[in-house]
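Values reported hereafter were calculated over all heavy atoms of this structure, with side chains retained and with hydrogens, waters and symmetry mates removed. All values derive from a computational prediction rather than experimental measurement.
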Amino acid sequence: MDEESKLETTVSNSEGYGGYIRLAEHMDQHPQLTILRRFGTLANATLLYYQAEITELEKYLEFIQKQDGQSDDENRRLYSRSWLKLSEAAECSEVDSPERRQYESIMKLRKLMAQYHKALYFHREAMSLPIPHTTMVGDLRGWIFGRVSLLGFDRETWESDEADLITFVNSTMDRLTSFVTYTLVDIYHDLIGRHIHVWKLYY
């Protein structure tokens, strides 16, 4: 069965199920079940790509600086000691001219370095978030089953490697406490709580 047929089957079998909003509401009611993917491999790959691009540009800048330092043009020889000369040459010279290369490389490096350092900071923050307890992941999987049906590949999020999952609340809740906290509470709200609410509306 191809992916399109699988999607059509999933859609037809999931009518009446909740989606992102129902799942988000449940996570809001139970913050320790706000379990998301860290995307650790992709995050590391992104940092490596930044590092590779910056390294290439670093070597190119070193090459240009050496050429400018040995140039017959007196202004270019002064680039390494005068920001004014460097920036003025960039403003006055034609695009892609030798006089502009060093300045444009520095500007590109400045932008890339800012993005790289920002990515490093947020990666460190993400890595410091706790991995959810196995019981919490099991609770969320159990609650999703029969209640929520996502149609994209993200439906497999909570079936993936638990080491790549993060939560905002670290919990060591045991299975009995977990059952009482989530399963029984949900049953109460589904079967009893809503009837009490209706009764209060009419009496």
Results of side-chain contact (heavy atoms from CB on, under 4.5 Å) for Leu120 - residues two or more places apart only: Leu47, Tyr116, His117
Tracing side-chain links under 4.5 Å among I, L, V, M, F, W and Y, which residues wind up in one group with Ile21? none
Hits for side-chain hydrogen bond (donor to acceptor under 3.5 Å, both in side chains) against Asp73, two or more places apart or cross-chain, chain-then-number order -> none
Glu162: salt bridge (charged side-chain N to carboxylate O under 4.0 Å, His left out) partners, not counting sequence neighbours: Arg141
Do Tyr49 and Asn44 get their side chains close enough for a donor-acceptor pair, meaning under 3.5 Å? no
Partners meeting side-chain contact (heavy atoms from CB on, under 4.5 Å) with Thr41 (sequence neighbours left out): none
Side chain proximity check, Met136 to Ile35, heavy atoms < 4.5 angstrom: yes
Is it the case that His30 and Asp139 place a side-chain donor and acceptor less than 3.5 Å from each other? no
Please test Tyr60 against Thr55 for side chain to side chain contact (heavy atoms under 4.5 Å, CB included), starting from the C-alpha separation and ending with a verdict. CA-CA 9 Å; Tyr60 179 65; Thr55 301; over 6 Å; no
Mind listing the closest non-hydrogen atom pair of Ser160 and Leu165 along with its distance? OG-CD2, 4.3 Å
Atom pair NE2 (His123) and OG (Ser128), whose distance is rounded to the nearest 0.5 Å: 10.5 Å
Please examine the side chains of Ile106 and Leu86, heavy atoms only from C-beta on, and report whether any two atoms are closer than 4.5 Å. yes
Can you tell me how far apart NE2 (His26) and CG (Leu140) are? Round to the nearest 0.5 Å. 6.5 Å
For Ile64 and Ser105, which heavy atoms make the closest approach, and how far apart are they? CD1-OG, 3.7 Å
When rounded to the nearest 0.5 angstrom, what is the spacing between CD1 in Ile54 and CD in Glu58? 9.0 Å
Listed partners of Ser82 passing side-chain contact (heavy atoms from CB on, under 4.5 Å), at least two apart: Leu84, Lys85
Quick check on the hydrophobic clustering: are Leu33 and Phe145 connected, directly or via other members, by side-chain heavy-atom contacts under 4.5 Å? no
Atom CE of Met127 with >12 non-hydrogen neighbours under 6.0 angstrom: no
With sequence neighbours excluded, what pairs up with Gln102 under the side-chain hydrogen bond (donor to acceptor under 3.5 Å, both in side chains) test? Asp68
Glu104 and its side-chain contact (heavy atoms from CB on, under 4.5 Å) partner, picked from Arg100, Lys108, Met107: Arg100
Do Leu57 and Leu112 make a side-chain contact, defined as non-hydrogen atoms from C-beta onward lying under 4.5 Å apart? yes
Can you list the residues that meet the ring pair (Phe, Tyr, Trp, His ring centres under 6.0 Å) rule with Tyr50, with sequence neighbours excluded? none
Residues at least two apart in sequence or cross-chain that pass side-chain contact (heavy atoms from CB on, under 4.5 Å) with Asp72, listed by chain then number, are none
Apply the test side chain to side chain contact (heavy atoms under 4.5 Å, CB included) to residues Arg101 and Gln67: give CA-CA distance (whole Å), side-chain angles for both, the deciding distance (0.1 Å), then the verdict. CA-CA 11 Å; Arg101 291 184 304 174; Gln67 282 194 329; 2.7 Å; yes
Restricting to side-chain hydrogen bond (donor to acceptor under 3.5 Å, both in side chains), what partner residues turn up for Tyr121, sequence neighbours left out? none
Asp161 side, atom CG; Arg37 side, atom CZ - distance, nearest 0.5 Å: 9.0 Å
Backbone of Gly152 reached by a side-chain donor or acceptor of Arg155 within 3.5 Å: yes
Measure the CG-NZ distance between Leu61 and Lys59 for me, rounded to the nearest 0.5 Å. 11.0 Å
So CD of Glu88 and CH2 of Trp83: to nearest 0.5 Å the spacing works out to 11.5 Å
Remaining members of hydrophobic cluster (4.5 Å side-chain criterion), Leu129: Leu36, Ile166, Phe168
Validation row: Arg22, Tyr17 side chains within 4.5 angstrom (heavy atoms): no
Determine which pairs satisfy salt bridge (Lys or Arg N to Asp or Glu O under 4.0 Å) with at least one residue from residues 110-131, sequence neighbours left out, and list them in order. none
Mind checking whether Val148 and Val137 sit in one hydrophobic cluster, side chains of I, L, V, M, F, W, Y counted as touching below 4.5 Å? yes
Taking the side chain as every heavy atom from C-beta outward, state whether Met27 and Leu23 have any pair of such atoms under 4.5 Å apart. yes
Minimum-distance pair of heavy atoms, taken over all atoms of Gly142 and Arg147: O-NH1, 3.9 Å
